[in-house]
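If you're wondering where the values come from, they're calculated on a predicted model, not measured in any experiment. Numbering of residues begins at 1 and proceeds along the displayed sequence. Computed over heavy atoms, backbone and side chain alike; hydrogens, waters and symmetry mates excluded. Both counts, for ligands and for their atoms, begin at 1 and track the order of listing.
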Amino acid sequence: MNQEVWNKIDSLIDRDQAKTLKERFAEDPSRAGRYSIEAAGWFLDYSKNRIDDEMMSALIELAEKSNLKAEIEKMFTGEKINATEGRAVLHTALRNCDPAAKVFVDGKDVMPDVREVLARMGEFSDKVRSGEWKGYTGKSIKYVVNIGIGGSDLGPVMANIALTPYSKRDMKFFFVSNVDSTHLAETLLSVEAEETLFIVASKTFTTQETMSNAGAAREWLVGKLGSEAAVARHFVAVSTAAREVADFGIDTANMFGFWDWVGGRYSLPSAIGLSLMLSIGKENYAKLLSGYYAMDCHFRNAPFEKNMPVVMALLGILYANGYGAESYCILPYDQYLSRFPAYCQQMDMESNGKSVDKDGKQVTYTTGPIEWGEPGTNGQHSFYQLIHQGTHLIPCDFIGFSRTHNPIGDLHDKLMANLFAQTEALAFGKTAEECRAEGVSEELVPFKTFEGNRPTNTLLADELTPETLGALVALYEHKVFTQGVIWNVYSFDQWGVQLGKVLAKGVLSDLVAAVPSGKHDSSTNQLIARYRKAVGR
Ligand code: F6P
């Protein structure tokens, strides 16, 4: 990070250490309007943050000194910014809705391939949704089981739940990710083989969990339908690895491809979104992509001070690096966004959970935050206590919609009243004097006092639609990108997950070997021995 600008930010933090949000609002009645941005169907109110104009311009300077503008252009134009894997980073090409757009990687325009796969997905999904695609015994498809993990699961799951109101309700969608056999077993209890389509979703087609589950599902299907020939009617693949798909026994005619320049956690708008398209149809899927595209254009073109992802990224950096906030909370006030925090966890923590900079040197500052969250209002009755009165500073994003898909009495008014009230309570708290004025007895005053001054962003859209969902995902993607640029880390590799994968192979061979190697540490050897004894080996 640029030290000179950071020193300026630090001195502003020191200068305003004692200034509360309450004082900031009292001093400046136009604050809410000034610290708000509208883009791609979303309204961001970031006025309940510890900022003023001076702080915002210092933060913007931080972005400028990090060459953010140039880095954004590098991403959008296909430069190989994922340097440790030698790859371009072009999830934005997947949702580029400009019919004349050309995006080059190694001198080749990738857009014709993007459009071709999208068209094939559309044709396939029309056939399945209309009942024209028949299973091996001649029945139409009623159940879709997506088998994938990480980016090949979290995006499809999150979006399938989020867009339930747009889904084909007479079809049922399941997502199997865990190598825990319970996940597959319970799913298979809920489907009929003759009417089930399995989508094996894996960028690499080598991931242990996915390939094990896919193999077991295939065995189950062949066992139920009595022929290997059934596989062609009940299995499709979504992958970048044609050879591995063919080796698994899936006809590559039933494969929907994508490319190494799509990171797993950014792959929802690629063919990885096939299960979603089957659920909501190609027209709604196109609307999702148009929402992504609207936010992409905003991110690429808006000046930093009016740029929603950039501003959110800078605020996150202010708290992580300036105030020592260890975590960050995402709180959607919409049951349909119940998996959005989990989706953001992978996107953010796998991207910026890095401790060396682009030169391979240990960083001397905090990078990616621990990200977590749950839908409101449920969280209010569990962990919000700590956010309000605990010792940790936890910046929160509150996300809500003015209209609900399911109006029942005044429930939606109550939901939104809670969202707005939480941001008010966190910002302004309740003083000891206010407690006393309410008649709180002196010995209870310390317990009933709320310090306030806790920062929040509020994100509002009119309604949860394919468009607003796409824009929301793109907003967080670009926020994470911006932070990675400022922290000077490589946001698009994930070497940190490799070691566990390799060690698991060694442990597995010791769990099943006639004689275990005993090559591990004494704790791991002991655990292996205990497991073997319990299962009779
Ligand atoms: O283990 C991490 C990871 O590589 C993620 O980045 C990825 O989303 C997930 O595994 C699944 O990978 P694949 O789609 O290749 O099966």
Item checked: Any side-chain heavy-atom pair of Val89 and Phe481 under 4.5 Å -> no
So which protein heavy atom does [atom] come closest to, and at what separation?
| atom | value |
| --- | --- |
| atom 10 (O) of ligand 1 | Lys501 NZ, 4.3 Å |
| atom 8 (O) of ligand 1 | Gly151 N, 2.7 Å |
| atom 12 (O) of ligand 1 | Thr207 OG1, 3.5 Å |
| atom 11 (C) of ligand 1 | Ile149 O, 3.2 Å |
| atom 2 (C) of ligand 1 | Glu350 OE2, 3.4 Å |
| atom 15 (O) of ligand 1 | Thr204 OG1, 2.6 Å |

Checklist line | Side chains of Ser517 and Asp510, donor plus acceptor under 3.5 Å | finding: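 Yes, side-chain donor-acceptor contact under 3.5 Å.
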Check: Between the side chains of Asp493 and Thr84, does any donor sit under 3.5 Å from an acceptor?
Finding: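 On atom types as modelled, these side chains qualify, holding a pair under 3.5 Å.
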Note to self: Heavy atoms only, cut-off 4.0 Å: how does Val497 contact ligand 1, side chain, backbone, both, or neither?
What the structure shows: side chain
Check: So is Glu209 in contact with ligand 1, going by heavy-atom distances below 4.0 Å?
Finding: no
Check: Is the shortest distance from a heavy atom of Gln346 to ligand 1 less than 4.0 Å?
Finding: yes
Notebook entry, point to check: With a 4.0 Å cut-off, would you call Lys80 and Glu85 a salt bridge?
Noted result: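 No, no charged N to carboxylate O under 4.0 Å.
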Note to self: Which of the numbered atoms in ligand 1 are under 4.0 angstrom from any heavy atom belonging to Gln494?
What the structure shows: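 Answer for ligand 1: 6 (O).
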Note to self: Which label fits Phe248 and Phe205: parallel for a plane angle under 30°, tilted from 30 to 60°, or perpendicular past 60°?
What the structure shows: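 Phe248 vs Phe205 ring planes: perpendicular.
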Margin query: Testing the basics here: between Arg169 and Lys172, what is the closest heavy-atom pair and its distance to 0.1 Å?
Written below: O-NZ, 3.3 Å
Margin query: Any nitrogen or oxygen of Thr210, side chain or backbone, less than 3.5 Å from one on ligand 1?
Written below: no
Check: Do side-chain atoms of Asp260 reach the backbone of Thr240 as a donor and acceptor pair under 3.5 angstrom?
Finding: no
Check: Pick one: which of Tyr266, Phe299, Tyr343, Phe340 meets ring-ring contact (aromatic ring centres under 6.0 Å, His included) with Tyr476?
Finding: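 The option that passes is Phe340.
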